[in-house]
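Step one of this worksheet: look at the structure below.
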Amino acid sequence: MARHLITSALPYINGIKHLGNMVGSMLPADVYSRYLRQRGHEVLYICATDEHGTPAELAAKEQGLPVAEFCAQAHDAQKAVYDGFALAFDYFGRSSSQQNVEITQHFARRLNENGFIEERAIRQVYSPTDGRFLPDRYVEGTCPHCGYDKARGDQCENCTRVLDPTDLINPRSAISGSTDLEVRETKHLFLLQSKLQHEVEEWVSRHEDDWPQLASSIARKWLTEGLHDRAITRDLDWGVPVPADTWPELAAEGKVFYVWFDAPIEYIGATKEWADLDPENRDWKSWWYDVDTDVRYTEFMAKDNVPFHTVMFPATELGVREPWKKVDYVKAFNWLTYYGGKFSTSQKRGVFTDQALDILPADYWRYFLIANAPESDDSSFTWEHFTATVNKDLADTLGNFVNRVLSFSKKRFGEEVPAGGQPGEAEAKLGEEIARLLAEYESQMEALQFRKAAAALRALWSAGNSYLEEKAPWLEIKTDKDAAALTLRTAMNLIHLYAVVSEPFIPATSAAMRQAFALPSDTATWVTADEARTLTALTPGIPFTVPPVLFAKLTDEDLETYKERFGGSPE
């Protein structure tokens, strides 16, 4: 089996993330990782908190904490939420780790040796009120491209255009709000991306046909506009220090690397963090160094992160002139909106992941978000849509099927899988349908088409209900007890199949379905086509229990409560 390296975009350390962040990177990466593990592949799923740059300093200042202490607390808080969502990271690291410091500094030295870093004097925004140079995110103002009045000095979150602080109209300090800003000269290191343009173009051209159109079009847009040399250092108190052995003057001035320079390197750094926990059995370089034909590397991210991962980070890796693993497949997502408006961490608009878990268990959210993943276009979260999806797909189609089968069988046959009857035409037809739908589900998961995979999974659940309605064991029991036993036994085998194949989407519910049957050894990780056709994993006599209600049906009162708490519009 192949080895799969999977990373999802690093969440910023400045607060708990919203549902749009979850569905745009970490959750689909988790679903895919779980699926690959079930199919027998070796998987390493790596993520980390992105702890450097302005957001960390500003958030720490707001809470009155030293930035290192703030980041440590915020990392633990984010990790607790991700555990609540059952994200099965192999390792969830921190970009402030010593491993990332060392590897980032190594990359910088190698780029410098190869002629791709240059020290330049530039003019930068300085705030006399704050007594310091203002890095890009410390400057806010109006975007010159779209007119958004809360654009940051590095990027406009509204139109996603990359900016410099001096591009902004009516700029102000994000620290003090002062508009008394000056432009002064200071020195910084520049990554000479212009010298790497041709190499990046050649690399992208070898991959873009395999990527989703969203990822390839964004990469191609950047390349068409031309790669510009970009400053990779900042005047901050918190970050990966510029190494004094290479740039003593800048190191003495306290320069640190730009967060977008060190953050992607943290994928490697976090892998080393993981390996250093068990160095005798874990080799981080086997995943990252000179492994192009051995490891398939898939990245998950929202569209605003795509330029940095398809152009800037590959340029960095190419310029190092060492055989570091580069991404094979970029799974890019559009945005999940809240009633058509953007989820926003900074403006606290929308539903945040900790709030979601306070309302309902993770599987409700996991299924809804993946079933409505913003793959081909932006998709909108509304409470009406969420409630309808939960009720129709989870409560009625899956949950009701499990409950009615097990409850009815317990009432009429006791607490063991019933014996009696021989499979006939209806069971053969069902088996072929299940095998076909399972193949469709597998195909869409392999293609990383999550909405289509969710539709195939939903169709698998629906097939059980159709079979049950056709056979009507509540009527069969009146005239042919063995026929009813066969129907219920077949339906129970469907429940076990659902437990296995639904695990990437709804792991806690899958575990509850599997645990309903007291199999002496239940080691199934997947279901083959033949097993799907015969549906005989459960044989007569196996004890079972009726689990608690898998999914509570949401009421109109619940809907109104959610809308009152969070608002029924983006404003």
Distance from T555 atom OG1 to E560 atom CD, nearest 0.5 Å?
-> 9.5 Å
Mind checking the NZ-NZ spacing from K553 to K392? Nearest 0.5 Å is all I need.
-> 11.5 Å
Can E375 and K452 be counted as an ion pair, charged N to O under 4.0 angstrom?
-> no
Show your working on side chain to side chain contact (heavy atoms under 4.5 Å, CB included) between Y82 and K17 and close with a plain yes or no.
-> CA-CA 10 Å; Y82 303 145; K17 304 299 120 182; 3.5 Å; yes
W324 and W284 aromatic ring geometry - parallel, tilted or perpendicular at 30°/60° bounds | parallel
Between Y45 and the options F89, W274, F300, the ring-ring contact (aromatic ring centres under 6.0 Å, His included) test singles out F89
May I ask you to say whether K331 pairs ionically with E299, meaning some side-chain N is under 4.0 Å from a carboxylate O?
-> no
Mind running side chain to side chain contact (heavy atoms under 4.5 Å, CB included) on L27 and W365 for me, showing each step along the way?
-> CA-CA 10 Å; L27 180 55; W365 301 104; over 6 Å; no
Backbone of I46 reached by a side-chain donor or acceptor of D90 within 3.5 Å | no
Any salt bridge between D30 and R366, counting N to O under 4.0 Å?
-> yes
Check whether the ring centres of H4 and Y297 lie less than 6.0 Å apart, and answer yes or no.
-> no
Does the pair D378 and T337 meet the rule for a side chain to side chain donor-acceptor pair (under 3.5 Å), with working shown?
-> CA-CA 7 Å; D378 292 350; T337 66; over 6 Å; no
Going by heavy atoms in the side chains, are L457 and S502 under 4.5 Å from each other?
-> yes
Sub-6.0 Å ring centroid separation between F308 and F313 | no
Between atom NZ of K326 and atom NE2 of H207, what is the distance when rounded to the nearest 0.5 Å?
-> 9.0 Å
Which pair of non-hydrogen atoms, one from H496 and one from A524, has the smallest distance, and what is that distance?
-> CE1-CB, 4.4 Å
H309 and Y267: aromatic ring centres closer than 6.0 Å?
-> yes
Could you give me the CA-CA distance, side-chain angles and deciding distance for W203 and V327, then say whether side chain to side chain contact (heavy atoms under 4.5 Å, CB included) is met?
-> CA-CA 10 Å; W203 179 79; V327 65; 3.6 Å; yes
ring-ring contact (aromatic ring centres under 6.0 Å, His included) test vs F368 passes for just one of F450, F386, W383, namely F386
List the steps and the verdict of side chain to side chain donor-acceptor pair (under 3.5 Å) for Q78 and Y12.
-> CA-CA 10 Å; Q78 287 199 24; Y12 272 131; over 6 Å; no
Salt bridge (Lys or Arg N to Asp or Glu O under 4.0 Å) partners of D304, counting only residues at least two apart = none
H52 versus E266: any side-chain heavy-atom pair under 4.5 Å?
-> no
Residues E317, K325: salt bridge by 4.0 Å N-O rule | no
Take atom NZ of K303 as the centre, draw a 6.0 Å sphere, and report whether it contains more than 12 heavy atoms from other residues, nucleotides or ligands.
-> yes
Side chain D235, main chain F133, donor-acceptor under 3.5 Å = no
Could you label the plane-to-plane angle of the Y441 and Y35 rings as parallel, tilted or perpendicular, counting under 30° as parallel and over 60° as perpendicular?
-> perpendicular
If you round to the nearest 0.5 Å, how far is CG of N21 from CG of N305?
-> 8.5 Å
Enumerate the residue pairs fulfilling salt bridge (Lys or Arg N to Asp or Glu O under 4.0 Å) with a member in residues 503-517, sequence neighbours excluded, ordered by first and then second residue.
-> R34-E503, R514-D522
Would you say S25's side chain and M301's backbone share a donor-acceptor pair under 3.5 angstrom?
-> no
Using the salt bridge (Lys or Arg N to Asp or Glu O under 4.0 Å) rule, take K150 and E140 through it: C-alpha gap first, then chi angles, then the decisive distance, then the call.
-> CA-CA 6 Å; K150 296 182 179 63; E140 296 177 344; over 6 Å; no
Taken to the nearest 0.5 Å, the spacing of L336 CG from N372 CG works out to 8.5 Å
Is it the case that K342 places NZ or CZ above or below the six-membered ring of W335, under 6.0 angstrom from the centre and within 45 degrees of the axis?
-> yes
Between Y338 and F381, what is the ring plane arrangement, given parallel below 30°, perpendicular above 60°, and tilted in between?
-> parallel
For the atom pair CG (D210) and CG (D328), what is the distance rounded to the nearest 0.5 Å?
-> 9.0 Å
Applying side chain to side chain contact (heavy atoms under 4.5 Å, CB included), run through D558 and T387 and close with a yes or a no.
-> CA-CA 9 Å; D558 292 325; T387 300; over 6 Å; no
Would you mind checking if R152 and D136 are paired as a salt bridge, meaning a charged N to carboxylate O distance below 4.0 Å?
-> no
T525 backbone acceptor or donor facing Q38 side chain under 3.5 Å = yes
